[in-house]
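Here the structure comes first, spelled out in structure tokens, and everything after it is commentary.
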Amino acid sequence: MTSTAQAVETFPSLDPATDEVVGTHPVHSAEDVAAAVGRARRAAAWWGGLGFAGRAERLRRWKGILARRMPELCDLVKAETGKPTGDAQLEIVLAIEHIEWAARNARKVLGSARRSPGLLLANQAATVEYQPLGVVGVIGPWNYPVFTPLGSIGYALAAGNAVVFKPSEYTPGVGAWLAGTFAEAVPEHPVLQVVTGFGDTGAALTRADVDKIAFTGSAATGKKIMAAAAERLTPVVIEAGGKDPLLVDADADLDAAADAAVWGAFSNAGQTCVGVERVYAHAAVYDDFVAKVTERARGVRAGEHYGPMTMRSQLDVVRRHLTDALARGGRALVGGADSVGDRYAGPTVLVDVPEDSAAVREETFGPTVTITRVADMDEAVAKANDSAYGLGSTVFSRRRGMELARRLRTGMTAVNAPLSFAGIATLPFGGVGDSGFGRIHGPEGLREFARSKAIARQRFAMPLALTTFARSEKTDRIVSRLIATLHGRHSR
Ligand code: NAD
């Protein structure tokens with residue numbers, strides 16, 4: 001935020017591996033947030049007026065800074081989240097790809113387009129265009145502090161909005177870095193600002209004079225945000241948590257499926273919204289698959305392949321889920337409740353866990369996975385869909401990949417590879433149920449941050465004047481006959 005901020009209270013961001021202070025940031029008050037939104041409103045007028053080409057050029061400048069200074073950003077992501085440098089780099093690379101796609105395609109997706117006026121109004125020229133909303137408030141999580149918020153920020157900016165971003169209290173430094181580098185690329189106006197603090201700062205942003213809130217975080221917070229946003233009828237996009245299933249069919253490539261399960265469950269210490277939390281494996285391949293997952297999981301080490309839990313309190317959730325699962329007949333083939341330490345949690349593979357236990361129903365957000373035997377893929381689909389969540393999913397099947405993917409009640413499905421949809425800039429990203437609604441990424445992600453503007457322009461006066469008190473009975477008769485001819489032929 002700029003120097004006019006009045007915030008005096010501060011909070012530290014800590015390295016979760018060491019508790020060292022990474023940086024100190026202001027706790028921005030409701031007044032600070034309102035002031036930032038006011039500045040954003042003025043900046044939005046300028047940014048919107050630049051047009052698609054002007055914005056694309058400036059977004060590319062920013063993208064260039066992100067690409068050139070990636071090692072610096074990787075260090076900061078690693079320091080605030082604890083994730084390995086390679087993983088930090090991967091999320092930055094994907095975010096850069098999204099910025100480029102949004103910048104390149106905004107005009108095509110949002111620009112003025114002709115529509116058919118239809119026969120009755122053939123004298124009209126019908127046009128639709130997507131105009132910026134104005135100011136978008138973005139509230140982000142800590143688990144992918146670059147990739148996740150930029151999925152909203154990049155698309156909102158490309159659509160012509162100014163953005164006020166409230167990063168997670170665990171990753172404020174990353175948020176400040178992103179806004180700082182954007183200001184280097186676009187020094188004229190504060191088009192992207194950051195406000196830092198805890199839930200109260202996010203709540204203030206939700207209640208501020210913003211035109212939309214794009215929230216990514218837990219379903220519980222998403223519900224609070226939607227309730228608060230309702231006071232002003234502010235629209236929201238909610239990207240919440242998941243309990244993502246992976247399905248293994250009888251004809252699946254079991255090595256690839258096991259690899260995907262292990263990566264999807266344990267990478268980033270399982271702190272991935274679209275990470276694999278549950279596996280349903282066909283009885284014909286269950287034993288082989290479990291053996292392959294077990295073997296691979298034994299080679300995965302906390303502190304080497306993934307970092308500490310970013311949010312210490314999540315360790316209690318992971319421990320609770322494991323303890324409950326084991327008490328109710330589950331077996332840990334790798335790890336177990338003891339593998340949950342003070343900072344790190346080792347990988348755990350659970351089998352025989354009842355479907356109604358917390359480890360199957362609630363988001364664990366830790367390096368654990370349950371594997372369940374199913375008689376056939378109908379049972380796999382039914383069990384996968386029996387969840388309050390519906391974010392991502394994965395299917396491994398040689399013959400039925402597309403069919404099974406379509407039947408899964410989730411916003412995205414990857415077939416025969418893990419999490420692939422997240423990196424494809426053309427595909428919309430978002431969930432159903434407790435995973436939220438609305439979409440980021442792709443054309444849908446651009447339209448999420450724009451309002452459609454419909455214009456009907458009369459080209460010539462019609463002989464049949466319909467919208468006038470001077471309309472004659474003859475006109476009504478002609479219209480009646482016309483409609484009977486056009487639409488009356490279908491008996492059912
Ligand atoms: P969280 O809900 O605790 O916090 C998210 C953000 O909301 C933070 O910036 C926080 O300060 C803010 N916040 C908290 N209370 C608020 C309030 N009352 N009003 C406004 N803002 C408030 O979530 P988290 O622990 O940071 O993130 C983890 C969660 O995010 C997991 O559930 C994960 O699955 C989910 N997630 C979802 C996606 C997705 O795209 N669907 C991506 C990444 C993470």
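Here the structure is a predicted model, which means the values were calculated and not measured. Indexing begins at 1, ligand by ligand and atom by atom, following the structure's order.
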Notebook entry, point to check: Between E363 and K243, is a salt bridge (charged side-chain N to carboxylate O under 4.0 Å, His left out) present by the stated rule, with each step listed?
Noted result: CA-CA 5 Å; E363 185 179 49; K243 189 71 188 171; over 6 Å; no

Any protein N or O within less than 3.5 Å of an N or O in ligand 1? List each pair with its distance, or say none.
residue	atom	partner	partner atom	Å
ligand 1	2 (O)	S218	N	2.9
ligand 1	2 (O)	S218	OG	2.7
ligand 1	2 (O)	T221	OG1	2.7
ligand 1	9 (O)	G140	O	2.8
ligand 1	9 (O)	K166	NZ	3.0
ligand 1	11 (O)	K166	NZ	2.8
ligand 1	11 (O)	E169	OE1	2.6
ligand 1	19 (N)	A203	N	3.4
ligand 1	23 (O)	S218	N	3.3
ligand 1	25 (O)	W142	NE1	2.9
ligand 1	26 (O)	W142	NE1	3.1
ligand 1	30 (O)	G217	O	3.3
ligand 1	32 (O)	E363	OE1	2.6
ligand 1	34 (O)	E363	OE2	2.6
ligand 1	41 (N)	A240	O	2.7

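- Cation-pi contact between R447 and F449: absent, since separation from the ring centre below 6.0 Å together with deviation from the ring axis within 45° is not met.
- A salt bridge does not link K166 to D200: none of the charged side-chain nitrogens sits closer than 4.0 Å to a carboxylate oxygen.
- Not counting sequence neighbours, the partners of Q271 by the side-chain contact (heavy atoms from CB on, under 4.5 Å) test are W142, N143, N268, A269, M309, T310, F365.
- Annotation: ring-ring contact (aromatic ring centres under 6.0 Å, His included) contacts involving residues 217-247, sequence neighbours excluded, are absent.
- Remark: A88 pairs with C74, V77, K83 by the side-chain contact (heavy atoms from CB on, under 4.5 Å) rule, at least two apart or across chains.
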